[in-house]
**Q** 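Here's a structure for you.
Just the heavy atoms: all of them, side chains too, but no hydrogens, waters or symmetry mates, feed the values below. Every chain is numbered from 1 and lettered A, B, ... according to where its sequence line falls, protein lines coming before strand lines.
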2 protein chains.
Amino acid sequence: MATIKEIAKLANVSTATVSYALNDPSKISEETRAKVMRVVEQVNYRPNSIAKSLKVKRTNAIGVITEDITVFNTPEIINGIGECAEEHNYHIILENIRLYKRIGNNYQDTSKFTGVIKDTTSVLMSKQVEGIIYVGAHCRDVTGLIDKTPIPVVYTYCYTQNEGDYTVNYDDFLAAYEATKYLIGMNHRKIALITGLMGSGQCQERIKGYQKALYESQVLFNPEYLKVGNWEREAGYEAGKELLTSVNRPTAIFALNDVMAGGVFDAAVELGLKIPEDLSLIGFDNRECSYSYSPKLTTMALPLDNIGNMATEILINSLSKQKQKSFPQHSKLKCALVERESVMPLLKGEL
Amino acid sequence: MATIKEIAKLANVSTATVSYALNDPSKISEETRAKVMRVVEQVNYRPNSIAKSLKVKRTNAIGVITEDITVFNTPEIINGIGECAEEHNYHIILENIRLYKRIGNNYQDTSKFTGVIKDTTSVLMSKQVEGIIYVGAHCRDVTGLIDKTPIPVVYTYCYTQNEGDYTVNYDDFLAAYEATKYLIGMNHRKIALITGLMGSGQCQERIKGYQKALYESQVLFNPEYLKVGNWEREAGYEAGKELLTSVNRPTAIFALNDVMAGGVFDAAVELGLKIPEDLSLIGFDNRECSYSYSPKLTTMALPLDNIGNMATEILINSLSKQKQKSFPQHSKLKCALVERESVMPLLKGEL
DNA sequence: CTGAAAGCGCTTACAG
DNA sequence: CTGAAAGCGCTTACAG
């Protein structure tokens, strides 16, 4: 590759002039600029941005640490990050931790991989990234994973209690509230809920959202309609079966993820019940599988793209001297209901 | 951040000595090395790798251009790239083109986005990446997309006729051959095939594999068992219905992707046919949905991780002065059958 | 074994 | 408007 020196020689100017021609044309005459640009194009000269970065002490690079890029939520978050980064002329150094391969299902225990994280943030910092976005594979508390750094880090799909650090997730409470409201709007009153692991904060939030929607519409919360699951299909099947064989069979089931909803499909088939005619079903996550069930599953879509976008917006904003906007420290983005074929309104007579 | 100069001052040595302590301890005494390292740790000094890169003219960075990270094949390829890159101490600059958002379904027409590609390779080169891996969203000819570059580029999940450029994909022919063989091994003889778009080279290869397996086992190729699809679920449904209502109903169907296999499930349900009792079904791709059908779909898994690994291996190998290994210019990796629940052996009496 | 010095490819006050 | 020069933070022959 040619250097600025060679361009300068070819154009019969100083390297300073070449630099100005490229970066700040106002400083030189249009004439010399044209002269320089001609040889720049001739030689197809591309400035070495490594050298520039060293000088100006800015890299326009942000580090993205993903816990596991093969988990369904991550690619779309990266997509959102990339989109926003591009707008602001930032680029991404990707560090994918491969958490599952590394520590199996122990991801809850963040102490198992603080070592890796320490190393990767260290590498990222030595590469002079201006900020870091951390993308969790599961929404959980990740406090202490990343040491205090001189550069900002924003967390997505997980949260932290480090003061000063930003966090962007989606609103579990609101999503469950709206899903339940939707079912109620379809005249359902016997609405069962299949939960995830009760230890999960997300799960708790969603239960609260479900209950609030119920209360608001004056439908009594019936504990028999609350089945504890574990996010897995088998649990959805078991819960579905219990629910569907109970004396006071619900007319609608809200499964707290699409995978467990798959288990409800299994139970319904086994019992000869048709969805949505005999049972309305709604899932959560809008994963690829939700589209593959038959009938296609109505579900809550996660705002993954927006999470990535917002996280990047926040990061880049906090990088600029005069912070234009101010963001809440903990954003919770809105999920969107995607209506497909698994929910049917109850006729008034069926109430 | 501290610099090497400050470390030198604190340790009472020259910057050269600090550098040696960090990079080539053999050049200095153990004693002074210890002295230097002590202050390095005290200050938590991290060398600025931008500065180092400028000096040594190596960045240990590879550029990864993905057409669309939200397409199912891409994350796992990136995963494989990351794994291999890490082993060799390389890092990744990710440029995700967002092809779908940009040009919709026109991805076949590569001329629609040569501009974007030109810009991103240009950026990548100015950032001094040592090589580029291109990850297609769909396997197709992509010749001419990237201009001749002074650095190596290897193509995955697509191919090119640029001489000198490496390509790594999976073996469609072999995969279809083995899937068909498997069905034959299960005593099936009436094996129907639902193809994708006939214009696709992959589709052609798979048809050939299917036919070869048939011939080898002396089962006559029956053109009525060959239904042309288009990769979409609806087409699988239509083809499935025709097949399953024909006089000479096949005992097994091989759908050339998992999505169309979903359509076959639909047709089977509609016709009251049970899978696998009344019909064995096998898919292709091992997408998330294949696991969500009921019963779970037996399918061919794509070696995505390996594709990423191999591509990176090839790239990094071609970067080293004395190329240790030599690789075929066009690798075709082997798919793996994943046996689940949608295939049943035919009893001899049923033949 | 250790240090002084040049230089990687840029940018940017500063002087003219 | 233009150029000479210093300097970003490193590495690495070279001399001692």
Side-chain angles (χ1 to χ4, degrees), chain A residues 1-40 43-61 89 122-130 150, chain B residues 1-40 43-61 89 122-130 150:
Chain A
M1 284 294 265
T3 70
I4 205 172
K5 240 191 234 168
E6 297 168 290
I7 304 300
K9 188 181 293 177
L10 287 173
N12 253 313
V13 295
S14 71
T15 61
T17 302
V18 176
S19 181
Y20 290 138
L22 258 16
N23 301 314
D24 191 359
S26 76
K27 297 221 171 186
I28 57 176
S29 72
E30 179 49 37
E31 199 179 355
T32 58
R33 177 183 140 83
K35 183 171 64 174
V36 171
M37 291 316 277
R38 218 170 302 130
V39 350
V40 162
V43 193
N44 193 21
Y45 167 70
R46 284 274 138 201
N48 179 332
S49 60
I50 292 285
K52 174 168 185 169
S53 288
L54 178 60
K55 179 63 193 172
V56 304
K57 290 166 170 290
R58 294 208 39 206
T59 54
N60 274 41
N89 195 28
S122 179
V123 165
L124 251 15
M125 306 244 323
S126 90
K127 287 190 172 284
Q128 313 299 116
V129 298
E130 300 180 20
Chain B
M1 283 292 266
T3 70
I4 205 173
K5 240 190 234 169
E6 296 167 293
I7 304 301
K9 188 179 294 178
L10 286 172
N12 253 314
V13 294
S14 71
T15 61
T17 301
V18 177
S19 180
Y20 289 138
L22 258 15
N23 301 313
D24 190 0
S26 75
K27 296 222 171 186
I28 58 176
S29 73
E30 179 51 37
E31 199 179 354
T32 57
R33 175 183 141 85
K35 183 172 61 173
V36 171
M37 292 315 279
R38 216 171 302 129
V39 351
V40 162
V43 193
N44 193 21
Y45 168 69
R46 284 273 139 201
N48 178 331
S49 61
I50 291 283
K52 173 166 186 170
S53 287
L54 178 61
K55 178 65 192 168
V56 303
K57 289 165 170 288
R58 294 208 39 205
T59 54
N60 275 37
N89 194 30
S122 180
V123 167
L124 252 14
M125 305 245 325
S126 90
K127 287 191 171 285
Q128 313 299 114
V129 299
E130 300 181 21

**Q** Does a nitrogen or oxygen in the side chain of B:S14 sit under 4.0 Å from OP1 or OP2 of C:dG3?
**A**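 Yes.
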**Q** Report yes if a side-chain nitrogen or oxygen of A:Y45 is closer than 4.0 Å to either non-bridging phosphate oxygen (OP1 or OP2) of C:dC10; otherwise report no.
**A**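 So the side chain of A:Y45 is within the cut-off, an N or O lying under 4.0 Å from OP1 or OP2 of C:dC10.
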**Q** B:P47 pairs by side-chain contact (heavy atoms from CB on, under 4.5 Å) with which of B:N23, B:I7, B:L22?
**A**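 The residue from B:N23, B:I7, B:L22 that satisfies side-chain contact (heavy atoms from CB on, under 4.5 Å) with B:P47 turns out to be B:L22.
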**Q** Considering Watson-Crick and G-U wobble pairs with both distances under 3.5 Å, what does D:dC1 pair with?
**A**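 With both distances under 3.5 Å, D:dC1 matches C:dG16.
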**Q** B:I28 has an atom CD1; how far is it from atom C1' of D:dT11, in whole Å?
**A**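 Those two atoms, CD1 and C1', are 14 Å apart.
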**Q** If you define the side chain from C-beta out and look only at heavy atoms, does anything of A:E6 sit under 4.5 Å from A:V43?
**A**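 No, too far: nothing below the 4.5 Å cut-off.
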**Q** B:L54 CG to C:dT11 P: how many Å, rounded?
**A**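 About 12 Å, once rounded to whole Å.
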**Q** Who are the side chain to side chain donor-acceptor pair (under 3.5 Å) partners of A:S53, not counting sequence neighbours?
**A**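 Scan of A:S53 (side chain to side chain donor-acceptor pair (under 3.5 Å), adjacent residues dropped) gives none.
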**Q** Roughly how far, to the nearest 0.5 Å, is the OG atom of A:S19 from the NZ atom of A:K27?
**A**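 The distance works out to 9.5 Å.
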**Q** Starting from C1' on D:dG9, measure out to NZ on A:K57 and report it in whole angstrom.
**A**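 Between C1' of D:dG9 and NZ of A:K57: 8 Å.
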**Q** Figure out the CD/P separation between A:E30 and D:dT2, and round it to whole Å.
**A**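 In whole Å, D:dT2 P and A:E30 CD are 11 Å from each other.
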**Q** Taking only heavy atoms on the protein side, list every residue of residues 16-24 of chain A lying under 4.0 Å from any atom of DNA chain C, sorted numerically.
**A**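 Only A:A16, A:S19, A:Y20, A:N23 qualify.
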**Q** Can you give me the closest heavy-atom contact between A:S49 and B:K127, atom names plus distance?
**A**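 Nearest pair, atom of A:S49 first, then B:K127: OG-CA, 3.3 Å.
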**Q** Name the nucleic acid region contacted by B:S53, choosing base, sugar-phosphate or nothing; use a 4.0 angstrom heavy-atom cut-off, strictly under.
**A**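 Contact class for B:S53: none.
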**Q** Just compare D:dC10, C:dT12, D:dT2 and give me whichever is closest to any side-chain atom of A:V56.
**A**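 Of the options given, the side chain of A:V56 lies nearest C:dT12.
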**Q** To the nearest 0.5 Å, how far apart are NZ in A:K9 and OG1 in A:T3?
**A**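 The distance works out to 9.0 Å.
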**Q** When the distance from NZ of B:K52 to P of D:dC10 is rounded to whole Å, what number comes out?
**A**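 In whole Å, D:dC10 P and B:K52 NZ are 10 Å from each other.
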**Q** With nearest nucleotide decided by heavy atoms, which residue, B:A51 or B:T15, maps closer to the 5′ end of DNA chain C?
**A**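 Nearer the 5' end of the strand: B:T15.
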**Q** Closest approach of A:N60 and A:E130, non-hydrogen atoms and distance?
**A**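 Closest heavy-atom pair between A:N60 and A:E130: N-OE2, 2.6 Å.
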**Q** Which whole-number value in Å describes the distance from A:K27 NZ to C:dA13 P?
**A**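 After rounding, the reported distance stands at 7 Å.
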**Q** For the pair made of CD in A:E6 and P in C:dC8, what is the distance, rounded to whole Å?
**A**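 Between P of C:dC8 and CD of A:E6: 11 Å.
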**Q** Which nucleotide wins on minimum distance to the side chain of B:K55, given the candidates C:dC8, C:dG9, C:dA4?
**A**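 The answer is C:dC8.
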**Q** Could you tell me whether B:T32 contacts a base, only the sugar-phosphate backbone, or nothing, with contacts defined as non-hydrogen atoms closer than 4.0 Å?
**A**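 Sugar-phosphate: the residue B:T32, judged by heavy atoms under 4.0 Å, touches backbone atoms but no base.
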**Q** Measure CG/A:N12 against P/D:dC1 and give the value in whole Å, please.
**A**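 Taking CG of A:N12 and P of D:dC1, I get 20 Å after rounding.
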